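Down below is the structure, laid out as structure tokens.
Small disclaimer: the values here were computed from a predicted structure and weren't measured. Every heavy atom of this structure was used, including side-chain atoms; hydrogens, water molecules and symmetry mates were not.
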Amino acid sequence: MSYLLRTLTKKEEVDSMIRDTIDKLLVLRFGRSSDSICLQLDDILSKSEREVSKFTSIALVDVDSEEIQVYIKYFDITLIPSTVFFFNAHHMKMDSGSADHTKWVGAFHRKQDFIDVVEEIFRGAMKGKLIVNCPLPPERIPKFQLLYKDL
């Protein structure tokens, strides 16, 4: 399903997408088109795109691209898929009960879960918030352990 969504492979493309998306939420999925979990998330994103298109733009970012590595390091993307949200070039964060509020790690369970999260982040962004609470129940939030290297 990744062929239905715009794929970014250059740093300049990501920069311009973040900079030029105004008054809309930008959803960037970092991952690989060959990964099964990424394909599951891509399917949910592509099916949801029409319903959220009035207030959201969705793009895929290829983590294997050499030029994208600056974003991989900046957002500390070690697990894929990771989804990062922006509104008017501001990085939007979401408290989902994990230690990392900067991104959503893993796939959404259902299409409606993604739509709920995007709507909540958009509503918070319109009120000037940079961090919002996750609207999903804890059982539908992917769980993972953060491992810190070189401590």
Chi angles and distances behind the salt bridge (Lys or Arg N to Asp or Glu O under 4.0 Å) call for D62, R32
CA-CA 6 Å; D62 181 16; R32 293 183 182 92; over 6 Å; no
As a quick check of understanding, evaluate side chain to side chain contact (heavy atoms under 4.5 Å, CB included) for F114 and V27, giving each step before the final call.
CA-CA 11 Å; F114 171 71; V27 178; 4.1 Å; yes
Apart from L26 itself, its cluster of hydrophobic side chains linked below 4.5 Å comprises L8, V14, M17, I18, L28, F30, V61, V63, I68, V70, Y71, I72, Y74, F75, I77, I80, V84, F86
For a quick test of reading the model, state the closest non-hydrogen atom pair linking [X] to [Y] and the distance between them.
X    : Y    : answer
L5   : S46  : CD1-N, 3.9 Å
E67  : E12  : OE1-OE1, 3.1 Å
Q40  : F108 : NE2-O, 4.0 Å
S48  : I44  : OG-O, 2.7 Å
E119 : F55  : CG-CZ, 3.7 Å
C38  : P81  : SG-CB, 3.7 Å

The reported gap from CH2 in W104 to OG in S96 (rounded to nearest 0.5 angstrom) is 5.5 Å
In this structure, CG of D20 is separated from NZ of K24 (nearest 0.5 Å) by 12.5 Å
Side-chain heavy atoms under 4.5 angstrom apart, residues restricted to Ile, Leu, Val, Met, Phe, Trp, Tyr: same cluster for I37 and L41?
no
For D42 and R29, run side chain to side chain contact (heavy atoms under 4.5 Å, CB included): C-alpha distance rounded to whole Å, both residues' side-chain angles, the deciding distance at 0.1 Å, then the answer.
CA-CA 8 Å; D42 292 351; R29 189 276 287 151; 2.8 Å; yes
Could you check whether any side-chain heavy atom of Q69 comes within less than 4.5 Å of a side-chain heavy atom of K11, counting everything from C-beta outward?
no
Assess whether salt bridge (Lys or Arg N to Asp or Glu O under 4.0 Å) is satisfied between K111 and E51, documenting all intermediate values.
CA-CA 10 Å; K111 177 176 125 175; E51 293 178 40; 2.4 Å; yes
Show which side-chain atoms of residues 120-136 pair as donor or acceptor with protein atoms under 3.5 Å away, not counting sequence neighbours.
from: E120; atom 1: OE1; to: R123; atom 2: NH2; distance (Å): 3.2

L45 and L60: CA distance, side-chain angles, deciding distance, side chain to side chain contact (heavy atoms under 4.5 Å, CB included) verdict:
CA-CA 10 Å; L45 295 176; L60 310 178; 4.1 Å; yes
Is any side-chain N of the basic residue among D15 and R19 closer than 4.0 Å to the acidic one's carboxylate O?
no
ring-ring contact (aromatic ring centres under 6.0 Å, His included) filter on F85, not counting sequence neighbours, yields none
